[in-house]
Protein chains: 2
Amino acid sequence: MLKNQRVTDKEDRSPRPVTMETVARLAGVSQVTVSRALNEPDKVSPATLARIRHAIAVTGYVPNLVAGALASKRSKLIAALIPSITNIVYSSLMQHFSQAVRASGYQLLMSETGFSQDEEQELVAKLLTRRPDAVLLTGIRHSDPCRHMLLGAGIPVVEVWDVTETPIDTCVGFSHTEAGKAVAAFVRENGYRRAANVSAGDERALRRKDAFARALIEAGFASVPEVCFEGGASIERGRLALARLVDEQAFRDGVIFCSSDLLAHGVLIEAQARGLRVPEDVAVIGFGDQVFAAHTLPPLTTVRVDRALLGERAASALLARLNGVEVPEKTIDIGFEIVRRATA
Amino acid sequence: MLKNQRVTDKEDRSPRPVTMETVARLAGVSQVTVSRALNEPDKVSPATLARIRHAIAVTGYVPNLVAGALASKRSKLIAALIPSITNIVYSSLMQHFSQAVRASGYQLLMSETGFSQDEEQELVAKLLTRRPDAVLLTGIRHSDPCRHMLLGAGIPVVEVWDVTETPIDTCVGFSHTEAGKAVAAFVRENGYRRAANVSAGDERALRRKDAFARALIEAGFASVPEVCFEGGASIERGRLALARLVDEQAFRDGVIFCSSDLLAHGVLIEAQARGLRVPEDVAVIGFGDQVFAAHTLPPLTTVRVDRALLGERAASALLARLNGVEVPEKTIDIGFEIVRRATA
DNA sequence: TTGAAAGCGCTAACAG
DNA sequence: CTGTTAGCGCTTTCAA
């Protein structure tokens, strides 16, 4: 190899990207035929298809979906907003949702709102910039500008984890008020005379708590002491919550309804550390039925929400809209279920 | 409203999207000026800037980044591949990484490989289609086609959670072999005579285990019994692991090194269920120093990996490359630290 | 400080 | 079954 040549090589360094045109030339067809070979192979003769495939392999051609999206006005992207990615309740929902939409060729553009409506609004603005084909939102409370942007975008929207009569577009989840009431009923049926609540995180947990406490007060409970945290649930906060309930609110015995299994687990640990018997001294009810719930000591009584089902339903609702299928019900209630184990 | 009019309304329904052109016309400028107003406002006179901003507000214009990306060849997208989104170790890494790159205007396109190289390869192919400006990969083991595609894309790549002398591009993490050795040293220094290992998930955990066991065997341990699970770690599996160790492998006393704090927590729970004292009968060492580790009973001794730091370093490595800064070191070792609490 | 022209790489009609 | 012609809505030169 001569030195000149090498210099020439260096100056040739305009690694012109391999486009459909490149592939087309190599295969001896026009560029659109390559496009067809990729998108509707049936409409291309086997012979040319083979030549094109060969050319693609040889060139290492990687389709450019940003060009494709611009031309077709379909990005095959779904934007998803969840409060927190480290909260397994949301991440596992996303896992199922993602899998379901991926089967139809959609990719997820996911962001965290940190339980903040303002952040959510900002993110929606940013995400719409990518022209997603659809949007998933967590919860039913959104800022007005947020709703407007979404409405203006004219794309399918699904709100999950809650239900409402007035969704932006469609909505799949369950009623937090009903969940709170159901747990209150469970508490009464099992003869508890005192109850407390521990919550963390979002507005939905607060609605469960309110329904829970209200139902119990109406049933004659003197009061329902509570501990609320800003931000996420954790075992640490569960421990702290029981400590506060016992030390500061004179909570001696009864049942504690926690807004998350993680908090409930913390309560369990703190109870043990204090020598309190579960459920004899303090009974505990969690929320979420996370995988570990069946394996705590004692096994945790909790409220199960089928996140896999939720993810799939949300996906199919969106996919139906994307395929132009008219969906009769705007909101789908997947319900919940109290799973009785040993802590209450 | 007349019926005719309403019909007309219906037929008028070609909601022509608001483009820069629309905004430009309204503001009485050319389309490129709007582009400038958005991207380099300094180069536009205050007066026209104001008119443009007003026009944007009035029309509700939402920039189209797919067109922008096509024209500029910069998508402002970073593709990230992690084994599992529900594993908090990875999701919290993503949380920090995401935050760090977002500050520079990048958005994350995240996918799960499920610990599979084949899946990873397929996802890389799919993701490159979106023309991300950079890619983050978990681990240093990738299929050859995967490496080729990435190299061919000619974009910055960062591999995290491990270190190697031969990264695809750059790499930030820590040595799993060293971690395994360090735990073995810790075990010896603390006078334990018997040790076991419980692992789940990935190849990296296995490397830690191998280094751990080898070091101990070399130090004269007769054997290091082990329990390995395919797939993710969980409390349930931790309980199961201790059960197997005790019931099937006659593990009576000693220290158990777990590949995850979650497994360690399960071991703790099972030990308690069996009336085994920790650390007197079985000592336990976790891995990851998850938030709950300090709040188990007893508090968990574990190996801390600074995921926030890792995320930030990975981000800054990528951002440096994206800004054309030559990075001297191709691989950054952020190390780890054994956190001694009460279980060992 | 502003604009005109040319394309980014693909898909969408429409022909043939 | 294949090709031609127009764009998609931006950014990038280059001029003025």
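Chain identifiers are assigned alphabetically (A, B, ...) following the order of the sequence lines, protein sequences preceding nucleic acid strands; residue numbering begins at 1 within each chain.
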Exam field: side chain [X] to backbone [Y], donor-acceptor pair closer than 3.5 Å:
{"X": "B:D133", "Y": "B:K76", "answer": "yes"}
{"X": "A:T138", "Y": "A:V160", "answer": "no"}
{"X": "A:E159", "Y": "A:I168", "answer": "yes"}
{"X": "B:T331", "Y": "B:V163", "answer": "no"}

Contacts satisfying salt bridge (Lys or Arg N to Asp or Glu O under 4.0 Å) that involve residues 38-53 of chain A (not counting sequence neighbours) are A:E40-A:K43
Please list, one pair per line, the donor and acceptor atoms closer than 3.5 Å that link side chains of residues 311-318 of chain A to other protein atoms, with sequence neighbours excluded.
unit_1 : atom_1 : unit_2 : atom_2 : d
A:S316 : OG     : A:E312 : O      : 3.1
A:S316 : OG     : A:R313 : O      : 3.2

Output all residues satisfying side-chain contact (heavy atoms from CB on, under 4.5 Å) with A:A320, sequence neighbours left out; order by chain, then residue number.
A:V325, A:V327
Identify, with sequence neighbours excluded, every residue that meets side-chain contact (heavy atoms from CB on, under 4.5 Å) alongside B:T164.
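If we apply the side-chain contact (heavy atoms from CB on, under 4.5 Å) test to B:T164, skipping adjacent residues, the hits are B:I140, B:T166, B:P167, B:C171.
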Heavy atoms within less than 4.0 Å of DNA chain D: which residues of residues 27-34 of chain A have one? Give them sorted by number.
A:V29, A:S30, A:V32, A:T33
Within residues 39-59 of chain A, residues whose heavy atoms come under 4.0 Å of DNA chain D:
A:D42, A:K43, A:V44, A:S45, A:T48
Terminal contacting nucleotides, 5' and 3', DNA chain D versus chain A (heavy atom, 4.0 Å):
D:dC1 to D:dG9
Between B:A67 and A:S35, who's closer to the 5' end of DNA chain C by nearest nucleotide?
B:A67
Contact interval (first through last nucleotide) of DNA chain C with protein chain B, 4.0 Å heavy-atom:
C:dT1 to C:dG9
When all nucleic acid strands are considered with a 4.0 Å heavy-atom cut-off, which category describes B:R74: base, sugar-phosphate, or nothing?
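Contact class for B:R74: sugar-phosphate only.
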Can you tell whether the side chains of A:R102 and B:E122 come within less than 4.0 Å, N to carboxylate O?
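Here A:R102 does not pair with B:E122 in a salt bridge, since their nearest N and O are not under 4.0 Å apart.
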Side-chain donor-acceptor pairs of residues 25-32 of chain B under 3.5 Å, sequence neighbours excluded:
unit_1 : atom_1 : unit_2 : atom_2 : d
B:S30  : OG     : B:T33  : OG1    : 3.3

For residues 104-112 of chain B, tabulate all N or O donor-acceptor pairs below 3.5 Å that involve a side-chain atom, not counting sequence neighbours.
unit_1 : atom_1 : unit_2 : atom_2 : d
B:E112 : OE1    : A:Q95  : NE2    : 3.4
B:E112 : OE2    : A:Q95  : NE2    : 2.8
B:E112 : OE2    : B:I85  : N      : 2.7

By salt bridge (charged side-chain N to carboxylate O under 4.0 Å, His left out), which residues pair with B:R147, not counting sequence neighbours?
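Expected list: none.
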Tell me which pairs pass ring pair (Phe, Tyr, Trp, His ring centres under 6.0 Å) where either residue lies in residues 139-161 of chain B, with sequence neighbours left out.
B:Y90-B:W161, B:W161-B:F174
